[in-house]
Every structure is written in C-alpha cells, then in structure tokens.
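Per chain, numbering begins at 1; letters A, B, ... match sequence-line order.
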Protein chains: 2
Amino acid sequence: MPTTPPQTEPRWLTPEEQHLWRTFMRMRQELDAQLARQIQAESDLSIADFSVLVVLTDVPDGRVRVLELARNLQWEKSRLSHHLARMVKRGLISRAECSEDGRGSFVLITDAGREAIEAAAPRHVELVRKLFFDPLSGEQLTQLTEISERILGAMQGCPALDPDS
Amino acid sequence: MPTTPPQTEPRWLTPEEQHLWRTFMRMRQELDAQLARQIQAESDLSIADFSVLVVLTDVPDGRVRVLELARNLQWEKSRLSHHLARMVKRGLISRAECSEDGRGSFVLITDAGREAIEAAAPRHVELVRKLFFDPLSGEQLTQLTEISERILGAMQGCPALDPDS
DNA sequence: CCCCATTGGTTGACATGTCATCCATGGGGG
DNA sequence: CCCCCATGGATGACATGTCAACCAATGGGG
C-alpha cells in the first residue's frame, strides 16, 4: 500500500463551521481595513505607527528598550527595526543608547510623536467603539472576552513553528 | 473660545474594555501568524495564494472573472492584479481572455495549482480546528457567529472611506 | 583571563500591499 | 453614429513585512 500513512480523511468543516469561519475572517479583515483607512486618512499615521506610539506613551518616561517593544507588540525584531528606522526618519521617535547594555538601544517618543498620537487617538477610540463595542451587548462582550482568551490560550501551548520569542 | 468645537472628552476605554480589545487583537494576530507560518512551511503557498485557490476550486470549471474574485476575497483590484501576476509566474494559475467582455479576463487554476492546494488543505483545516474550533464549546461557537455577524453588520452600514466596491 | 555561544539589534534582498494613474473596451444619450 | 464617461483591469512607484545573514557586546565556564 503505497499511500502516505496517516491519511485518514481530514475532518473538513461542516457548513455551519464554514459559515462561522468565513464570517469571522471577513469581520477581522473588514475591521482592520476600516481602522487602517480611518487612521491613515485623518492623521497620516499607520496602525503600526499608532501601536508603537501607544506603547511609548504608556510608560512614564516615554522611553522603552527595543526588545521590550518587540515583546509588547509581538513583532519580530526585524520588522520592528525597519519600522523604527522609518519612524525616526519621520521624526516621530528618536533613539538613545543604553548604558547598562552596550548592545541595546532605547526608543523615545518625540514631541512631534506625542502630538501626532494625541491628535489621532480620540477619533480612533471613537471608531473602535462604533464598530466593535457598540454593536455588541454587555453579555456578548463578556462572551467574546472568554472566547478570545480561550483561543489565545490554545495557541500559547503551541510552540509550533515560532522563530522568535 | 479658540478650542476646536465638538471636542467633548473622548469616551476612552474602561479597563475591562481595554482588556477585551487587546486580547482580541492579540488573538487575531497570533492566529493569523500561526496559520501563515504553517501553510508557508508545509506547502510553499502563502495564505493569499491559498485563498485565491480556494475560490478557484469552489467553482465547477475552475474559472473565474477577475472582478468576481476581487469581490469574493474583498481585495482591491490592484492587489489582486499584482498577486495574480505572481501566481501565474509560479504556474499556479493561468489566464484566458473573456469573449463576452473584451476588457475582462478569466483566471483559471492549473493542474499544479490544484495539486498544491489539495496537498495543503488537509493540514490547514486540521490547524484551524486545533486553534480555533476545538478550544471553544458549542455554545461559544454559536455566540461567536452571532458576534461576528453583528460587527460585520455594523460595518456594512458604514460606507465610511471605502475606495473600491 | 580568555574563548565562545548567546543575546540585542541591524542590514539587504526580496515578497507583498497600497495608491494614483493609465489604458482599452463598453454602453448609452445626443 | 458618435461622443463621453463609466468599467475592468494593468502598471509603476513606493510603503511595508519577512527571511537569512551579519555584527558587536555579554557573560559564563574552562
């Protein structure tokens, strides 16, 4: 029998499962797209810029180690490095070397950066509310929290094919 | 009073809302990443390739108009055009001109394309099950379906800043 | 004290996505 | 019939992301 061994017929999705999967994926995608378009149009920041700046404004001195950023955003270091370079070029952040660790480097938010995010944030939250929170009941919010945590949990246990971290 | 007019203090997220939003976003992101990595590693198709091929195999003759594809995937036509060009170059699909409409063009799946997706699909479904369906209870699946539909609905009504479609 | 594997981070080549523009056909009103 | 604009699609320039290789500082064992 020359067939590849463990080829039990895969458990394809039932019609309802398929419907859920497709709806979920489309929702994700559309949500991203809308948020991206809005933030881009109104503030000439990208979602990526925005999330970097959020982290920077969350810490008291607006100063974070690169690797800390990477862990926080769950980005690979390469992507982060490239992105930070662009953000420096646009004056949103700047860098400082790290005295404790000669290899390391700090990222710090500039005044322009702070200005940019403070201008963009209110409209952004407003849209997040309108598209994500407002359509859902309080009960659904609880449910979705639980659901997200479950799925996330299932993946943490799955070191699968994880290059970084 | 020189302040910009309708600047009532934005409704920032409460801690629970923030927790939900961040958990949800991280879940999305991690889910995407895992699926992308797996499919890439095992089949040298990308998620994008995969979803194009799925549409192509869904129709009886494996032949779809470009614009039909675009609507189906919700991609902008430019992205689709570029992507199709690459897929042609890799032999996964080919094209045929459209007799009914001289501007139009058909996309058709090649044997290589069919082979590629048939090889990739089973492992992919398996992973989707493992990461998305299995961790959730039947009740949660129902809830998530409802939730996704709600959010999606809220966005359909929002023609917002939609360049295409 | 030195060697060397690890770690923090950058770089270059390349794949992918976006935006604006272009081009050819199609399909009506004048 | 012809003009003109809407439509289907391609293209080029550029922003962004990924992968693999690289480099310099670190920090332990021998």
Worksheet entry | Heavy-atom side-chain contact between A:Glu149 and B:His19 under 4.5 Å | yes

Practice prompt. For A:Glu76 and C:dT11, give me the distance from atom CD to atom C1', rounded to whole Å.
Written response: 14 Å

Practice prompt. With sequence neighbours left out, write down each residue that passes side-chain hydrogen bond (donor to acceptor under 3.5 Å, both in side chains) with A:Asp32, or none if nothing qualifies.
Written response: B:Arg28

Worksheet item: Got a salt bridge between A:Glu68 and A:Arg71, using NZ or NE/NH1/NH2 to carboxylate O under 4.0 Å?
Response: yes

Worksheet item: Atom CG of A:Asp44 to atom P of C:dC19: distance rounded to whole Å?
Response: 13 Å

Worksheet item: Rounded to whole angstrom units, what separation is found between the CE atom of A:Met87 and the P atom of C:dG9?
Response: 16 Å

Worksheet entry | Rounded distance (Å) that lies between atom P of C:dG9 and atom CH2 of A:Trp75 | 15 Å

Practice prompt. Return yes when atom CG of A:Asp111 has more than 12 non-hydrogen atoms of other residues, nucleotides or ligands closer than 6.0 Å, and no otherwise.
Written response: no

Worksheet item: Do B:Arg86 and B:His83 get their side chains close enough for a donor-acceptor pair, meaning under 3.5 Å?
Response: yes

Item to complete: Look at the side chain of A:Thr110 and the backbone N and O of A:Leu92, then say whether any donor-acceptor pair between them is shorter than 3.5 Å.
Response: yes

Discussion item. Tell me the interatomic distance from B:Ile47, atom CD1, to C:dG17, atom P, rounded to whole angstroms.
Written reply: 11 Å

Discussion item. Strictly under 4.0 angstrom, non-hydrogen atoms only: write out the protein contact profile of nucleotides 7-16 of chain D, one letter per nucleotide from the 5' end, B, S or -.
Written reply: BBBBBBB--S

